[in-house]
Amino acid sequence: MAVTVVAKLKVKAGNESSFQSEAEKMIAHVRANEPGTLTYVLNRSQAVPGEFLFYEVYADASALAAHGSSEPMQKFFGAVGGILDGRPEI
């Protein structure tokens with residue numbers, strides 16, 4: 001059964017470009033290396049500065065777990081952790 005995740009992340013003012021750059025690296029990795037990830041899209045709010053939304057669909061819970069525990073995911077949060085304005089909302 002497919003699993004859908006919506007993750008909202010807020011970025012501190014002035015760091016949007018840095019976040020976008022790191023997110024694009026993560027998206028490229030997912031598309032190239034995670035066949036169980038069916039959809040992995042980043043949207044940027046037009047109404048709220050610094051607000052981004054990942055829309056993700058996984059083939060099953062195992063694919064979600066593999067994504068969440070992957071080294072690239074850990075690197076992504078290591079790179080953006082200091083520029084996030086609070087914890088992601090899942």
Side-chain angles (χ1 to χ4, degrees):
M1 174 184 251
V3 178
T4 301
V5 174
V6 177
K8 182 170 38 171
L9 298 96
K10 294 181 182 176
V11 177
K12 295 175 184 174
N15 293 283
E16 295 86 358
S17 293
S18 295
F19 178 84
Q20 183 91 32
S21 176
E22 293 299 325
E24 288 172 5
K25 291 178 197 174
M26 188 64 205
I27 292 165
H29 164 79
V30 167
R31 290 184 178 160
N33 299 288
E34 295 186 15
T37 303
L38 308 176
T39 304
Y40 197 77
V41 178
L42 178 66
N43 295 285
R44 184 173 181 176
S45 174
Q46 298 299 308
V48 181
E51 186 173 278
F52 293 84
L53 185 93
F54 274 105
Y55 177 76
E56 311 165 18
V57 180
Y58 301 91
D60 53 32
S62 296
L64 172 59
H67 170 74
S69 64
S70 72
E71 183 178 335
M73 179 58 93
Q74 303 311 312
K75 287 182 180 179
F76 171 71
F77 276 108
V80 302
I83 62 172
L84 293 180
D85 189 10
R87 296 180 54 87
E89 294 178 34
I90 308 297

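Index from 1, following the sequence.
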Please check if [X] and [Y] belong to a single hydrophobic cluster, counting links between Ile, Leu, Val, Met, Phe, Trp and Tyr side chain heavy atoms closer than 4.5 Å.
{"X": "Val48", "Y": "Leu42", "value": "no"}
{"X": "Val41", "Y": "Phe19", "value": "no"}
{"X": "Val57", "Y": "Leu9", "value": "no"}
{"X": "Val80", "Y": "Val5", "value": "yes"}
{"X": "Met73", "Y": "Val3", "value": "yes"}

Gap between atom [atom2] of [Y] and atom [atom1] of [X] - 0.5 Å precision:
{"X": "His29", "Y": "Ser70", "atom1": "NE2", "atom2": "OG", "value": "5.0 Å"}
{"X": "Met26", "Y": "Phe77", "atom1": "CE", "atom2": "CZ", "value": "8.5 Å"}
{"X": "Glu22", "Y": "Ile83", "atom1": "CD", "atom2": "CD1", "value": "7.5 Å"}
{"X": "Glu56", "Y": "Ile27", "atom1": "CD", "atom2": "CD1", "value": "9.5 Å"}

Residue among Tyr58, Phe76, Phe54 satisfying ring-ring contact (aromatic ring centres under 6.0 Å, His included) with His67 = Tyr58

message = Does Tyr55, at its OH atom, have more than 12 non-hydrogen atoms belonging to other residues, nucleotides or ligands within less than 6.0 Å?
response = no

inquiry  = Does Gln20 form a side chain to side chain contact (heavy atoms under 4.5 Å, CB included) with Val11? I'd like the steps, not just the answer.
reply    = CA-CA 10 Å; Gln20 183 91 32; Val11 177; over 6 Å; no

task = Say whether, by atom type as modelled, one donor and one acceptor occur between the side chain of Glu16 and the main chain of Gly14 under 3.5 angstrom.
result = yes

task = Please answer whether the main-chain N or O of Gly68 pairs with a side-chain N or O of Gln74 as donor and acceptor at a distance below 3.5 Å.
result = yes

message = Looking at every heavy atom in both Ala59 and Ala63, which two are closest together, and how far apart are they?
response = N-CB, 4.1 Å

query = Would you call Lys10 and Glu89 a side-chain contact if the rule is heavy atoms closer than 4.5 Å?
reply = yes

